[in-house]
> 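I am attaching a structure below and will ask some questions about it afterwards.
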Amino acid sequence: VYKRQQRPLLIPTTATRCQSQLKVSAHPHRLSATLYPCLFQGASLTEEIFGMTTLKLTGSVGTGKSTKNLPHNSPADVIAVRDRFVDLGFDWLQDKTKCDTEFTNAVKLFQSICKGNVKVTGGDGRIDLHGSTHRWLAATNAPGWVDMTRKKGLGWECVQVEHNNSFATTWMEERLGRAGMQYHLMSLAPRTAPMWVRDFSKRKGGQTNGHGTHQTGLNVDMRLPIKGKLTYNHSHALSKGENDREYDTLFDVDAARSQLKAINAQMNVRNILFNDKSLIKERLCIQYANHGGHYHVTILPPARIDGVYR
């Protein structure tokens, strides 16, 4: 059984003291995400403001076989899991009525996301009754899957994407919204470039050209801000070590500092890879080979907020 239950939206009283923008997600069960920071004062630190989700199964779904005399891959359970995946944005499963390789690959992708893996190596493709994957699927802050093409918000913009890597988790989208908001509210914006967001993951996750990670929607690459440039121009992409004179002349280090502070404050990052010595010295990023021309950001999963799974 899979169903969504709606409940009233509660806004903290501090919301009346600021102008706010509330974006309703494309996922109908999610009332999220891009709020001014003051809206979160007095509210729990969750990814969204939710309705409750119910996902009740009778047994296991996915790889393997029946255990403890419980059903395995019963048609009703497979369809319930499928419907939940489709609602979360894994829409290539929408016609599935049986558990095949594509279905279990989606389970492995979801498991890897929930474990914070940046490669699809964190799952066995099996959903055990009342186990971690079942609970994450039923969670009110379960990760959705979203196409970021041409998306933008205050302080950030998705620009040219390479290798069709335009898909990310909803965790990523929501945190970009918060980081962009903080950056926008700082004194530099809008006189400086927004955060230029580029590569994420492939439509169905997994290995992608040009990246060792970027498999699970938990990574994003961002181009560097350029002095006096408010719109993105690929021909003006800067890279430390390739043309140091152009980099030193055009790189807007003050804007970059503000962006990195916002990302660190709002995105619950595992790390930010970027090879600028001054910003590394300020502990805003760390050095890594071939990251002189962009920030590489990896985010962590949030704490799970259980829905109804029993």
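Values below: all heavy atoms of this structure, side chains included; hydrogens, waters and symmetry mates excluded.
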> So, using salt bridge (Lys or Arg N to Asp or Glu O under 4.0 Å) as the criterion, who are the partners of Asp221 when residues are at least two apart?
none

> Heavy atoms, side chains only, cut-off 4.5 Å: are Ile127 and Leu57 in contact?
yes

> Between the side chains of Tyr183 and Gln266, does any donor sit under 3.5 Å from an acceptor?
no

> side-chain contact (heavy atoms from CB on, under 4.5 Å) with Phe167: which residues, sequence neighbours excluded?
Trp145, Asp147, Arg203

> Only counting residues at least two apart or in another chain, list the ones meeting ring-ring contact (aromatic ring centres under 6.0 Å, His included) with His72.
none

> Verify the cluster assignment for Phe251 and Val159: are they in a single hydrophobic cluster under the rule of side-chain heavy atoms below 4.5 Å apart?
yes

> Under 3.5 Å, is there a donor on one side chain and an acceptor on the other for Asn165 and Ser201?
no

> Donor-acceptor pair, Asn73 side chain versus Gly62 backbone, under 3.5 Å?
yes

> Using the rule that Ile, Leu, Val, Met, Phe, Trp and Tyr join whenever any side-chain heavy atoms are under 4.5 Å apart, tell me whether Leu300 and Ile272 fall into a single cluster.
no

> List the residues meeting side-chain contact (heavy atoms from CB on, under 4.5 Å) with Asp100, not counting sequence neighbours, and say none if there are none.
Lys96, Glu102, Phe103

> Taking atom types as modelled and ignoring hydrogens, do the side chains of Asp128 and Ser60 form a donor-acceptor contact shorter than 3.5 angstrom?
no

> Applying ring-ring contact (aromatic ring centres under 6.0 Å, His included), can you list everything that pairs with Phe85, at least two apart in sequence or on another chain?
Phe90, Phe110

> By ring-ring contact (aromatic ring centres under 6.0 Å, His included), which residues pair with His134, not counting sequence neighbours?
His130, Tyr309

> Does a side-chain N-to-carboxylate-O contact under 4.0 Å join Arg135 and Asp306?
yes

